[in-house]
Each structure stands twice: as C-alpha cells, then as structure tokens.
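The basis for the numbers below is simple: all heavy atoms, side chains too, and nothing from hydrogens, waters or symmetry mates.
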Amino acid sequence: MTIFHSAALKLTAWYLSLIMIVSIGCSLAIYQLSRDQLINNTRRQVYFFNDVLEPSDFRSFSQLRQRQLEQGLNRLKGNLVFFNTLVLIGGGAAAYALARRTLRPIENSLAAQTRFTGDASHELRTPLTAMQTEIEVALRDKSLTKKDAVELLQSNLEEVAKLKALSEGLLRLASSDTRKPDHKVDLASAAEAAADKWRKAASTKRVELKTELNPAFIAGDEQALHDMASILIDNAIKYSKEKGGTVSVRTYQDGKESFLEVSDSGQGIEASELPRIFERFYRSDSSRSKLRVQGYGLGLSIAKQIVELHQGSIEVKSSLGKGSVFIVRLPAVKS
Ligand code: ADP
C-alpha cells in the first residue's frame, strides 16, 4: 500500500467520523422529539377515552394504543438505522473521493520532486562517470606522458564546467521560488545586458544578433530577468545554423503588458515537442543527437519559472526548419 493510499484511508476515516457524528446526532434528536410527541398524543387520547369508554373497553383500548406506540417507535428506529447505514455507505464513498482529491496535488508534487531528483542524479552521474573512467585509465597507463596528463586534465575541466553549469541550474530552480520581485525594471536593459553577453558567441557562429529594445517596465528582479533573457538568446543562437542565421531580440510595452520577444531563423521545433520543451530536463531528440548542442534541458524550465514568478506567461511559436519565436508577456508598470 502506498503512503498516499494509507493517508487517503486515514483522511477518509476522519471525514466519515465527522459525517457520522452529525448524522447520528441528528437521528437521536429526531428520535427523541418524535418519541415525546407520540407519547404525548397517546396520553391525550387515553385520558380523553377514560371518561367515555367502559372500563373493560378502555383497558383494551389503552393496550392497543400502547402497542401502536411501541410499533411506531420501532418503525422509526428501523428507519433511522436504515438511513444511517445509507449515510455510512454513501458518506464513506464520498469521503474517500474527497480524501483522494485533497491529496492529489500533494501526490503530484511529490511525484514531480521524485522524478526531478532522479533526473538530476542521472545528469550528475554522467559527467562524474566520464571523469572517473578517464582518471582510472590514465592511472593504469604506465607510459602516461605529461602531454597525456594535460589532455586528461583539460577533458576533466570540461566535465567540471558542465557539472558547475548543471548545479547552478539546479540551484536556480530550487531557489527562485522564494525571491519576491519588487523593483521597477526595464526589460529593455535586462535584454540588452543579456544580448551583450552572447554577442561574441553569435559572431563566432556567424549568426547576426539584432536588437530592437523599446522601454518596457515591469516590477521584478533584474538579475532574474537578465538570466531569463539570457537563456532565450543563448538557445536562439545555439539552435541557429552556422553562418547566415539571424537572432532578433525585441522589447516593447503594449497597454498593460510588457513584452520580450526572441526570434531565430534556426532549426525550429517539432509541433509534437512544443508542449514539452518547458519541462525540466526535456531535450528534443535533435538537440541530443544530430546537432550535439550542449545543454541539460533546464534552461527553458528556469526561464518559465522566472516568468511565472513575475506573474507573466511565456509562449513559443515555431516552424520546423524556419525558426522559432519565444514571447514573454509580463504585467507592465508605469515608466
Ligand atoms: P537545453 O537547451 O539545455 O537543451 P532548454 O530547456 O533550454 O534546454 O531547451 C529545451 C529544448 O527545447 C532544447 O533541447 C531544444 O530542443 C528546444 N529549444 C529551445 N529553444 C530552441 C530554439 N530557439 N530553437 C529550437 N529548439 C529550441
């Protein structure tokens, strides 16, 4: 029996106890009131006929009324027991359904946490295993030269950098729930700083990085917004073709909303994958295999978490082979 099943049963027992206390309490009250009323009626009739009937007739009349009273009370008792049995069965089923419903969000979030921990451990183990194997092989190699050792250290350093990026991503996912965004921030300056960070990578890949940054004020955490823009721009460059690709970053305010749009003319995303790309550790097959693009599938889930922390939403439109556009929509504040 799972922990949630036994918790659901306990909760059911509590709900059912409450239902039964109310039901039995009401039944006892109904029984008591009806009983008092029936006894009073019988007494009144008996007193009335006492003067009217012959003593022998009166005796049999009062015995008859007494029997009728007892039968009436027994019928009432039977009905109330039947009613309470129905309440017990129906209430039990309803209480169990209610208990499952109460526990479902907790069950889902625990399942998500367990999945997340499992995925995180798996991702952490991969570079660690690679490093361990390389070091063990090198230690067994009697003819290891200084050049080999330097190569090994360089390779280990790459794995360490990946582990650092991964642990930073995990930390970010774990901590940003608690930060409260409350400063007035211009999305344009957050996007500009993020674009500057990736300018060199774009030019190395010969991808044109264009910006059109109009003021777009929101209440937020500047560093978090910079990180979010940075993730989107990094992806746009990463998933663009070498030479000739274009990445555009645009910010603007429209009425009560501020927008950040990052579009690229890259590989695009399969329609079937669109609903999943914001999940933690999700990477499309093409990112994993064909293009061999670095990443752990955490970027978009971090970006989404930051956007939601700012009461905003993020959506993506994409066309396979033509490119994608990520649109972030956040509540604006006056400039
Ligand atoms: P990562 O980039 O580390 O794989 P992300 O969470 O940032 O992780 O992205 C998840 C997946 O979404 C990527 O593996 C990729 O398949 C897809 N994706 C994200 N951005 C783009 C983009 N601009 N163009 C095409 N695919 C993208």
Side-chain angles (χ1 to χ4, degrees), residues 165 168-169 171-173 175-176 179-241 244-269 274 277-278 293-295 297-319 322-335:
E168 278 167 3
L171 265 179
R172 165 58 103 176
L173 275 172
S175 67
S176 62
R179 258 190 273 164
K180 199 169 175 286
D182 47 11
H183 297 291
K184 190 164 125 186
V185 182
D186 188 357
L187 263 184
S189 49
E192 185 170 26
D196 285 344
K197 181 175 157 192
W198 293 108
R199 229 170 263 290
K200 193 159 173 266
S203 78
T204 309
K205 205 173 167 183
R206 308 242 208 108
V207 168
E208 189 187 359
L209 178 55
K210 294 199 290 197
T211 51
E212 186 197 322
L213 304 170
N214 305 297
F217 288 91
I218 64 157
D221 174 336
E222 180 145 25
Q223 181 58 45
L225 291 163
H226 166 272
D227 293 348
M228 180 269 293
S230 177
I231 288 166
L232 298 181
I233 298 170
D234 176 26
N235 276 351
I237 299 169
K238 265 193 330 192
Y239 299 106
S240 282
K241 292 174 222 97
T246 307
V247 169
S248 309
V249 185
R250 193 158 90 95
T251 57
Y252 58 96
Q253 196 160 335
D254 186 7
K256 289 187 175 158
E257 287 178 315
S258 287
F259 291 84
L260 164 70
E261 282 180 14
V262 179
S263 50
D264 64 71
S265 55
Q267 64 181 70
I269 304 162
L274 284 179
I277 58 170
F278 293 98
V293 180
Q294 276 280 327
L298 287 181
L300 287 181
S301 54
I302 294 174
K304 184 165 184 254
Q305 186 166 331
I306 293 171
V307 171
E308 286 176 351
L309 190 72
H310 288 79
Q311 272 83 48
S313 63
I314 180 165
E315 64 170 311
V316 54
K317 291 178 189 158
S318 189
S319 159
K322 290 193 180 145
S324 315
V325 50
F326 285 81
I327 304 160
V328 175
R329 191 187 284 261
L330 293 157
V333 294
K334 285 206 185 86
S335 49

Given 3.5 Å as the limit, does a donor-acceptor pair link the side chain of [X] with the main chain of [Y], or not?
| X | Y | result |
| --- | --- | --- |
| Trp198 | Ile237 | no |
| Ser240 | Gly245 | no |
| Gln305 | Leu173 | yes |
| Thr251 | Leu213 | no |

Do [X] and [Y] have side-chain heavy atoms sitting under 4.5 Å apart?
| X | Y | answer |
| --- | --- | --- |
| Ile277 | Val316 | yes |
| Thr246 | Lys210 | yes |
| Val247 | Lys205 | no |
| Val325 | Ser318 | no |
| Asn235 | Lys238 | yes |
| Asp221 | His183 | no |
| Phe326 | Leu260 | no |

Exercise for the section: State whether Glu308 and Lys304 are salt-bridged, where the test is any N-O pair (Lys NZ or Arg NE/NH1/NH2 against Asp/Glu carboxylate O) under 4.0 Å. Expected result: yes

Handout entry: Listed once per pair and sorted, the salt bridge (charged side-chain N to carboxylate O under 4.0 Å, His left out) pairs that draw on residues 246-266, sequence neighbours left out
Key = Glu212-Arg250, Arg250-Glu261, Glu257-Arg329

Exercise for the section: Search all heavy atoms of Gly220 against all heavy atoms of Leu225 and return the closest pair with its distance. Expected result: CA-CD1, 4.2 Å

Handout entry: Atom of Ala202, atom of Leu209 and distance for their closest heavy-atom approach
Key = CB-CB, 4.1 Å

